Each structure stands twice: as structure tokens, then as C-alpha cells.
Amino acid sequence: MNGDRNRVATIFDVARLAGVSHQTVSRVLNDLPNVRPATRERVEEAIKQLRYVPSQAARALVTRRSRTIGLVATGLPDYGPSSIVLNFNESARDAGYAVIATNPADAERATLRSATEMLIRQNVEAIVLLAAERAALDAFDGWELGVPLVAIASETRGRGIRVALDQRQGARTAVSHLLELGHREIVHIAGPHGSMDAEERLSGWRDRLAEAGIAGEEPMRGDWSPESAYRIGTELVASGRAPRAVFAGNDQMALGLLHALADAGLRVPGDVSVVGFDDIPEAAHFSPPLTTVRQDFVGLGRDAMAAVLTQLQDEESTAPPPTRVPRLVVRASTRSV
């Protein structure tokens with residue numbers, strides 16, 4: 001501990017020095033099987049060198065299997081998060097695991113830690129964090145859980161193995177579709193500040209426009225609800241700035257925009273082309289049926305459970321599954337100009 005002799009060593013310090021995962025250190029501390037003798041020796045030597053004293057949490061990895069996974073889901077129960085939870089639960093059940101879920105009221109550090117500690121007290125074998133906001137990932141920094149952590153999050157930050165859908169590439173695909181139809185002015189109705197999905201989709205929109213030599217105007221911010229985009233659409237029309245093409249941050253906001261445009265007597269796609277994001281079940285039945293970006297929530301649920309199983313079974317650190325790329329579904333809400 002050269003830079004800070006007074007700092008108490010953590011399980012992560014031991015893991016770094018020994019060149020293993022913190023789960024392997026936990027297995028050594030609890031004298032569990034499936035650790036190679038040479039690896040065990042490295043961990044024990046690191047413990048001795050750092051004078052590491054295991055905390056209660058580090059010893060919490062139990063010798064018997066509970067066959068349960070803890071799921072901490074943050075954010076609103078919208079279609080995307082709800083679909084992820086549903087498909088993760090199904091994948092866990094297929095693997096013979098039960099899921100204990102908690103949905104904290106906010107992403108504050110104290111709230112998330114309290115919810116997670118409750119799950120750990122129920123003897124879960126791993127924690128899966130469905131993180132809608134950056135604050136949710138940041139809450140786990142420097143925290144010694146004693147069990148594996150898998151984060152479902154669209155940004156690369158914080159601890160744990162991450163699984164994700166490529167929100168930025170999905171947005172680029174949506175914008176590319178509109179560019180190929182001849183649109184040069186493509187307005188973006190973004191999701192709320194702090195949402196990782198919203199920021200990734202906004203970045204994809206901005207990057208793709210820049211590649212086409214177009215300086216996009218500042219996006220307008222909704223809150224994922226149809227009401228927020230209805231208000232934005234009404235204001236755009238009233239100001240005389242009705243765009244020829246709009247990329248909405250999700251299908252619900254696209255629905256609100258379609259409503260506002262219809263109320264103003266504008267035709268979609270005759271006057272305005274609209275692309276959404278998510279491909280909710282109702283999107284094909286909007287008026288007109290919505291061109292949108294479909295996310296593979298079934299695959300993401302499987303990826304998250306696969307990452308959990310890998311962490312539970314393997315003694316060394318593992319790479320996350322490849323990020324899944326959403327795909328465009330073309331319907332009747334877009335046309336060439």
C-alpha cells in the first residue's frame with residue numbers, strides 16, 4: 001500500500017495483487033473447492049503481504065448453494081426495463097435459479113446499498129443491477145459485496161461484469177435510415193438527463209449527423225412519456241419550426257409526437273417522417289405504424305444470466321458477452337423526400 005500506508009486493504013486489493021477476481025479471493029477465504037492450488041497460494045500470499053483482515057461481507061459467500069440471484073432494478077417500470085426483468089427472470093428459471101427482486105425508490109447511494117444488503121442477507125449467490133442512471137453504477141464503487149456483481153447498463157463505467165445493448169449504434173441506425181431517405185434536418189427528442197440510454201442515443205444521433213456534415217440543433221428533452229413529446233411537438237408546430245424528420249428517443253415519445261402532429265393537421269410521413277426506439281408491441285399499430293429500432297431484450301436477459309453463471313463457476317476474471325446491436329424495423333411512418 002505504498003501511497004497510503006494507513007488505508008485498510010480490501011478484498012479488491014488482494015484480488016489485484018494476486019491477479020484473480022474478488023470472487024476467487026472469497027472462495028479462498030471460505031475454503032471452498034474449485035480453486036487451483038497455485039491460485040490459492042497466490043491469494044494467501046497476497047493476504048499475508050497486505051495484512052488483509054476479511055470483513056463480514058467478504059466472508060458472506062456461503063458454503064452451500066442458495067440457487068437464488070438478487071436483482072436490483074432502478075428506473076421507471078417502462079417497457080424496456082420491464083422486458084429486461086421479465087427475460088432475465090425466465091433465463092434464471094431455465095438455469096434452475098430463483099430471483100429475488102427489489103426496485104428502490106431512487107438511485108441514491110444509501111437507498112441502493114440498503115436494498116442490496118437486504119438481498120445479501122437473504123443469501124443470494126450474485127447481484128444483478130439493472131441500472132437506468134449513472135448514479136446507480138457509481139453507488140457500487142469501492143463496495144465489497146462478497147458476491148459477484150453483473151450490471152445491465154448502456155455505459156461502460158463502475159464495477160462488475162457489464163452486459164448491454166448498443167444504444168449508440170441503434171440511434172446511428174435510426175439516423176442513417178432518415179439520411180438515406182434524403183432528410184437533412186433531423187430533430188431529436190431525447191430522454192431525460194441522467195439516463196444512460198438517453199445519453200447514448202443522443203450521442204449516436206449527434207455523431208451520425210456530424211459524419212454527414214450536418215450540425216444538428218440542440219435536442220429537446222422529454223421524460224420518456226407520450227405527454228412530454230406531445231407538449232414538445234405542439235410547441236414546435238406553434239413556433240413555426242415543424243421539422244421534416246424526427247428521431248424520438250423511445251416509442252412512447254414517438255406516440256405523443258404523432259398525436260401532436262395529427263392535431264396540427266400535419267401528415268406522417270407526408271409532411272414529417274418519425275422514427276422511434278424500442279419497438280414496443282403497440283408500435284406496429286400506431287397511426288401510421290411506426291418505424292423504430294428493435295432491441296433484443298430476450299437476448300439481453302440471457303446474456304445477463306450467462307454472465308452470472310460464468311462468474312459463479314469460473315475462478316478467474318471473465319470478459320463480458322459481446323454487446324448486442326439493435327436493428328431497424330421499417331414501417332409506414334417514414335418516407336423519402
Side-chain angles (χ1 to χ4, degrees), residues 69-95 97-104 107 115 126-133 136-137 150-155 160-171 173-174 190-192 194-201 204 222-226 228-229 247-256 275-286 289-309 320-329 331:
I69 306 297
L71 174 64
V72 182
T74 69
L76 297 172
D78 293 326
Y79 173 73
S82 297
S83 297
I84 294 169
V85 169
L86 173 65
N87 287 290
F88 173 74
N89 282 332
E90 290 182 353
S91 294
R93 185 181 65 244
D94 291 344
Y97 281 80
V99 177
I100 305 173
T102 180
N103 188 201
I127 295 293
V128 173
L129 171 65
L130 174 54
E133 301 174 350
L137 290 179
V150 172
I152 303 173
S154 55
E155 288 187 7
I161 294 294
R162 185 183 75 105
V163 297
L165 297 167
D166 194 334
Q167 307 292 325
R168 185 174 301 204
Q169 185 57 45
T173 300
S195 164
M196 291 184 287
D197 287 354
E199 298 307 321
E200 287 294 292
R201 293 170 197 177
D223 61 8
W224 299 131
S225 71
S228 65
F247 166 43
N250 73 344
D251 290 347
Q252 294 289 348
M253 292 196 298
L255 175 61
V275 178
F277 205 103
D278 281 338
D279 194 24
I280 63 175
E282 299 84 0
H285 306 285
F286 287 1
L290 183 67
T291 295
T292 186
V293 177
R294 178 178 296 167
Q295 304 205 73
D296 185 2
F297 295 121
V298 175
L300 184 62
R302 285 199 293 260
D303 289 346
M305 191 61 207
V308 168
L309 292 174
T323 301
R324 292 178 180 268
V325 178
R327 67 182 184 87
L328 184 71
V329 178
R331 297 194 179 101

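Start at 1 with the first residue, then count along the sequence. No experiment lies behind these values; they were computed from the predicted model shown.
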Closest approach of A115 to P104 (non-hydrogen atoms, all atoms of both residues): CB-CG, 3.9 Å
Could you walk me through whether Y97 and S91 pass side-chain contact (heavy atoms from CB on, under 4.5 Å), step by step? CA-CA 9 Å; Y97 281 80; S91 294; over 6 Å; no
Suppose we screen for side chain to side chain donor-acceptor pair (under 3.5 Å). Which residues come up paired with D296, at least two apart in sequence or across chains? R324
Heavy atoms of A198 and P192 approach each other most closely as CB-O, 3.6 Å
Test side-chain contact (heavy atoms from CB on, under 4.5 Å) applied to M196 and E133, step by step: CA-CA 6 Å; M196 291 184 287; E133 301 174 350; 5.8 Å; no
Taking the six-membered ring for Trp, are F297 and Y79 parallel (under 30°), tilted (30 to 60°) or perpendicular (over 60°)? perpendicular
Main-chain N/O of A164 paired to S154 side chain as donor or acceptor, under 3.5 Å: no
Could you tell me whether the side chain of R201 and the main chain of A190 form a donor-acceptor pair under 3.5 Å? no
CD1 on I127 to CD1 on I69, rounded to 0.5 Å: 8.5 Å
Candidate pair T74 and L129, rule side-chain contact (heavy atoms from CB on, under 4.5 Å), full reasoning: CA-CA 8 Å; T74 69; L129 171 65; 4.3 Å; yes
Nearest atoms (heavy-atom pairs only) where D303 meets P322: OD2-O, 4.3 Å
Supply the atom-to-atom distance D78 CG to D197 CG, rounded to the nearest 0.5 angstrom. 10.5 Å
Within a strict 4.5 Å, meaning less than it, do heavy atoms of the R162 and E155 side chains meet? no
For the pair T292 (side chain) and F277 (backbone), establish whether a donor and an acceptor sit closer than 3.5 Å, ignoring hydrogens and angles. yes
At what distance, to the nearest 0.5 angstrom, does CD1 of I280 lie from CG of L290? 8.0 Å
Between S225 and D223, is there a side-chain donor-acceptor contact under 3.5 Å, judged purely by atom types and distance? yes
Side chains of V85 and L130: does their closest heavy-atom pair fall under 4.5 Å? yes
Under the criterion side-chain contact (heavy atoms from CB on, under 4.5 Å), I'd like the reasoning laid out for V128 against V308: C-alpha separation, chi angles, the key distance, then a yes or no. CA-CA 8 Å; V128 173; V308 168; 3.5 Å; yes
If you define the side chain from C-beta out and look only at heavy atoms, does anything of T291 sit under 4.5 Å from V329? no
Go through the side-chain N and O atoms of T323 and D166 and say whether any donor and acceptor fall under 3.5 Å apart. no
Nearest heavy-atom pair of A304 and V150: which atoms, and what distance? O-CG1, 4.1 Å
Tell me, which pairs form a side chain to side chain donor-acceptor pair (under 3.5 Å) where one or both residues lie in residues 275-284, sequence neighbours left out? D278-Q295, D279-R294, D279-R331
Under 3.5 Å: donor-acceptor pair, side chain of D251, backbone of A283: no
So, for W224 and G249, which heavy atoms are closest and what is the spacing to 0.1 Å? CZ3-O, 3.5 Å
Report yes if the side chains of L300 and N87 come closer than 4.5 Å at any heavy-atom pair, otherwise no. no
Nearest heavy atoms of V293 and G170, plus distance in Å: CG2-O, 3.7 Å
Measure the CD-CZ distance between E90 and R302 for me, rounded to the nearest 0.5 Å. 10.0 Å
